[in-house]
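In what follows, a structure is listed as structure tokens, so that the remarks can point back to it.
For clarity, every value in this text was computed on a predicted model and none was experimentally measured.
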Amino acid sequence: MSAKKVMVGDIQCGADDLFLISGPCVIEDEMVMMKTAEKLKELSEKMNIPIIYKSSFLKDNRSSLSYYDGPGLDKGLAILAKVKEQFGFTLLTDIHYPDHAARVAEVCDVLQIPAYLCMQSGLMVAAAKTGKVVNIKHGQFLAPDNMKHPVGKCVAAGNDQIILT
């Protein structure tokens, strides 16, 4: 079986060329985000390695309610849109709920499904229906062969633009 190649902006995922998915795990204040984007842009140009900028507006899988979980959908998407506009990065962010998919797809190029949510049918279908690339993180609780199930949900919903991480 040959590897499927998926285009994310001008980055060919699945090809032999290295690319990075990089950025703060969770969106912090705008200054931190812009400074990080600036440094990543410099690194990308210096090393000739394309970067997909990744940061999450919500990290809904924190081990404690007292831990920072992000600025939320509206503020987070506004900051990501500014990063995209100013630095030209393609963007990736996590989604945790089906009703976030369409809004996130207005700004981001890749919708990432967190590992612990990779079997959630409603989430997978909502992400797939946006037509955006879907990055499915491999749930540690699944045997590698069983990743065919979340992939199958996306394909059945009409989207075969899938990356597995």
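To the nearest 0.5 Å, the span separating NZ on K82 from CE on M34 amounts to 5.0 Å. In this structure, L18 CG and M47 CE are separated by 9.0 Å, a value rounded to the nearest 0.5 Å. Expressed to the nearest 0.5 Å, how far SG of C118 lies from CG of L164 amounts to 9.5 Å. Here NZ of K35 is found 12.0 Å from CG of L40. Values are rounded to the nearest 0.5 Å. Atom-to-atom distance recorded for L80:CG and I27:CD1 is 4.0 Å, nearest 0.5 angstrom. Atom CD1 in I113 sits 10.5 Å away from atom CD1 in I162 (nearest 0.5 Å).
A heavy-atom distance below 4.5 Å is found between the side chains of I79 and K75. Within the 4.5 Å cutoff, the side chain of V134 has heavy atoms near those of the N159 side chain. Contact annotation: the side chain of Q112 never approaches that of I163 to less than 4.5 Å [non-hydrogen atoms, C-beta and beyond]. Between H149 and M124 the shortest side-chain heavy-atom distance does not fall below 4.5 Å. Counting heavy atoms from C-beta outward, P50 and I11 have side chains that approach closer than 4.5 Å. Residues R103 and L77 form a side-chain contact, since some pair of their non-hydrogen atoms from C-beta on lies under 4.5 Å apart. Taking the side chain as every heavy atom from C-beta outward, K54 and T93 never approach each other to under 4.5 Å. Annotation: side chain of K84 is not in contact with side chain of Y53 (no heavy-atom distance under 4.5 Å).
The nearest pair of heavy atoms linking L111 to A105 is CD1-CA, 4.2 Å. When all heavy atoms of A128 and A157 are compared, the closest pair comes out as CB-CB, 3.7 Å. Between I136 and C154, the shortest heavy-atom contact is CD1-SG, 4.2 Å. In this structure, G139 and M147 approach most closely via the heavy-atom pair N-SD, 4.2 Å. Closest approach of A101 to A126, counting heavy atoms only: CB-O, 3.6 Å. The two residues F89 and K41 have their closest heavy-atom pair at CZ-N, 3.5 Å.
Under the 3.5 Å distance criterion, the side-chain polar atoms of S55 are left unmatched by any main-chain donor or acceptor of G23. Side chain of D109 to backbone of L91: a donor-acceptor contact under 3.5 angstrom is found.
Cluster annotation: V107 is connected to F87 through the hydrophobic network of ILVMFWY side chains, with a link wherever side-chain heavy atoms come within less than 4.5 Å. Put simply, I51 and I21 are part of two different groups of oily side chains (I, L, V, M, F, W, Y) that touch within less than 4.5 Å, one to the next. Cluster membership check: V110 does not share its hydrophobic cluster with M7, using side-chain heavy-atom separations under 4.5 Å among Ile, Leu, Val, Met, Phe, Trp and Tyr. In the hydrophobic clustering of this structure, V6 groups with L92; members are Ile, Leu, Val, Met, Phe, Trp, Tyr whose side-chain heavy atoms approach within less than 4.5 Å, directly or through other members. Both L117 and I95 are assigned to one and the same hydrophobic cluster, defined by single-linkage of ILVMFWY side chains at heavy-atom distances under 4.5 Å.
Ion pairing between a basic and an acidic side chain is recognised when a charged N comes within 4.0 Å of a carboxylate O; D94 and K137 show no such pairing.
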| said: Under the criterion side-chain contact (heavy atoms from CB on, under 4.5 Å), I'd like the reasoning laid out for E42 against K39: C-alpha separation, chi angles, the key distance, then a yes or no. | reply: CA-CA 5 Å; E42 290 171 9; K39 292 296 182 186; 3.7 Å; yes
- Can I49 and L43 be said to form a side-chain contact (heavy atoms from CB on, under 4.5 Å), step by step? CA-CA 8 Å; I49 298 173; L43 176 69; over 6 Å; no
Exercise. Could you walk me through whether C108 and K132 pass side-chain contact (heavy atoms from CB on, under 4.5 Å), step by step?
Key: CA-CA 8 Å; C108 296; K132 295 291 184 161; over 6 Å; no
- Kindly indicate, with the supporting measurements, whether the criterion side-chain contact (heavy atoms from CB on, under 4.5 Å) is fulfilled by I52 and L20. CA-CA 6 Å; I52 299 172; L20 298 177; over 6 Å; no
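The local environment of NZ in K5 is crowded, with over 12 non-hydrogen atoms from other residues, nucleotides or ligands closer than 6.0 Å. Within a 6.0 Å radius of CZ in F141, more than 12 heavy atoms belonging to other residues, nucleotides or ligands are found.
The ring-ring contact (aromatic ring centres under 6.0 Å, His included) contacts involving residues 93-115 comprise F57-H100, Y97-H100, where partners must be two or more places apart or lie in separate chains.
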